[in-house]
2 protein chains.
Amino acid sequence: MPERQSSRKDAIRNREAVLAAADALFSRRASPEDITMADVAAAAGVGKGTLFRAFGDRAGLLRALYEARLEPVREAVETGPPPLGPGTPPQDRVRALLDAVLCFKLDNGPLALALEDSGSDSSPYRADHYERWHGLLRAVLEQIPGLTDSDFTAHALLAATRADLVEHLAGERGIPRERMREQLAGFVAKVLAPGPRPGGTVDE
Amino acid sequence: MPERQSSRKDAIRNREAVLAAADALFSRRASPEDITMADVAAAAGVGKGTLFRAFGDRAGLLRALYEARLEPVREAVETGPPPLGPGTPPQDRVRALLDAVLCFKLDNGPLALALEDSGSDSSPYRADHYERWHGLLRAVLEQIPGLTDSDFTAHALLAATRADLVEHLAGERGIPRERMREQLAGFVAKVLAPGPRPGGTVDE
DNA sequence: TTGCAAAACGGACCCACGGTCCATATCTTT
DNA sequence: AAAGATATGGACCGTGGGTCCGTTTTGCAA
């Protein structure tokens, strides 16, 4: 696990430089997979060795970037005002949470994409940012009376905000941001609506 | 587009051989990304050149395999008896459709996985087997009165059956097949249930 | 049959990219 | 200031997808 902090100032400076350079590269629209590690290193004015020592591997860099961009959202969720923060009625919070995820993916398309299929061996489901979202969502869902299978439901709802789906709808299909938010909100509403009898009706 | 049929018998024989070998390799559980093209060629007793001439590239091979395995399902859907085939009440058919997709992914885990992140440049959403499922699902959803946004809903429902999610739940988390089918069925039911007021209640 | 062009074969080869190595440079500490 | 510790960077490596091309097979026709 080659990711512990160093106290040497050059190391710190370089780490920042890499992060900044990568951030810039991933914002400058381009399919994420043709940004190579060498590109990032060059853009940061740093050798590849440095880059890899600082972040371990490609996934590590992506993760670090992602966490950094996610930070404000995380804070808004954990200690912010309603409807995102705690102390919001569950239904509304679920809606707000998913809306926030959607907006985040809309704003950080290429990066989110890159992270999700950084796959190599790891499914996106092992990433701990996913586990955080899922855990929180599940917990909130659990407070809604009459809703069973919160665990699965949380996964299914999050699946509707997968980066590649969002990218496809926004990019290929040209669906505008607000429209997509409405559609997702509508979908979430349906899932949360107190249906007649949720479980049981499986015929086989 | 190097994928048209050849009439020469050696070409045909080899194509079959490759398909069979690949099928075997992808069934013999192993993460799909450590089955290389060279492996497939070797297993089929064929040179790499042959393999690539027959299928164009890795994605092409995967696609061909996938379509082949999907064939029976497709047939059951298009011309089979209820609840999968046509002439089924929309609600039931949607449920059956998604159940079929789920089962397919459960049965063909590694292959589906491999195909979905064969990404390179293409999102899974550009694949035409996806478009088929989505188109059909949307059409069926459209027949359900009071259901808006069928297009998005179809995407969202299919997202709940993404190969990596299914793999994660079945593998990592050890959720048994039947349980997962129930959960998905429950989820679908919620989405289809005639909620109080489907649209509109977006507070922001 | 045999002759011959068209088509397919296969495996050596190429190259891009993630990742490692290590001689050298930079820091920190006393 | 000297030494031990730590970081640097770019040459280098392995892997795997994809290509090339001299050789072989096939199918048609004479």
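Each chain gets a letter, A, B and so on, in the order its sequence line appears, and its residues count up from 1.
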* Under 4.0 Å between a side-chain N/O of A:N14 and OP1 or OP2 of D:dT8, yes or no? -> yes
* Measure the acute angle between the ring planes of B:H155 and B:H134, then classify it against the limits of 30° and 60° as parallel, tilted or perpendicular. => parallel
* **CD/A:E67: more than 12 non-hydrogen atoms of other groups inside 6.0 Å** => yes
* If you check the A:D10 side chain, which of C:dA7, C:dT26, C:dC9 turns out closest? -> C:dT26
* Write down the distance between CG (A:L51) and C1' (C:dC17), rounded to a whole number of angstrom. => 13 Å
* **Along DNA chain D (nearest heavy atom to each residue), the more 5'-positioned of B:K9 and B:D34** => B:D34
* To do: Please work out whether the ring planes of A:F187 and B:F152 are parallel, tilted or perpendicular, with thresholds of 30° and 60°.
  => perpendicular
* Asked: Which heavy-atom pair separates A:A22 from A:L65 by the least distance, and what is that distance?
  -> CB-CD1, 3.7 Å
* Structure fact -> Here the distance between atom P of D:dT6 and atom CZ of A:R15, to the nearest Å, is 18 Å
* How does protein contact run along nucleotides 17-24 of chain D, one letter per nucleotide 5' to 3', with B for base contact, S for sugar-phosphate only, - for none, heavy atoms under 4.0 Å? -> BBBB----
* Asked: Going by the side-chain hydrogen bond (donor to acceptor under 3.5 Å, both in side chains) test, which pairs reach into residues 83-94 of chain B, not counting sequence neighbours?
  -> none
* To do: Indicate the ring-plane relationship of A:Y66 and A:H129, choosing parallel, tilted or perpendicular according to the 30° and 60° boundaries.
  => tilted
* Nearest-0.5 Å distance that lies between atom OG1 in B:T36 and atom NZ in B:K48 -> 7.5 Å
* Reckon B:S6 has a side-chain N or O less than 4.0 Å from the OP1 or OP2 of C:dA8? -> yes
* **d(CD1, B:I12; P, C:dA7) in whole Å** => 15 Å
* To do: Can you see which heavy atom on B:R69 is nearest to which on B:F104, and at what distance?
  => O-CE1, 3.6 Å
* To do: Rounded to 10°, tell me the angle between the two end axes of the helix from C:dT1-D:dA30 to C:dT30-D:dA1, each built from five pairs.
  => 0°
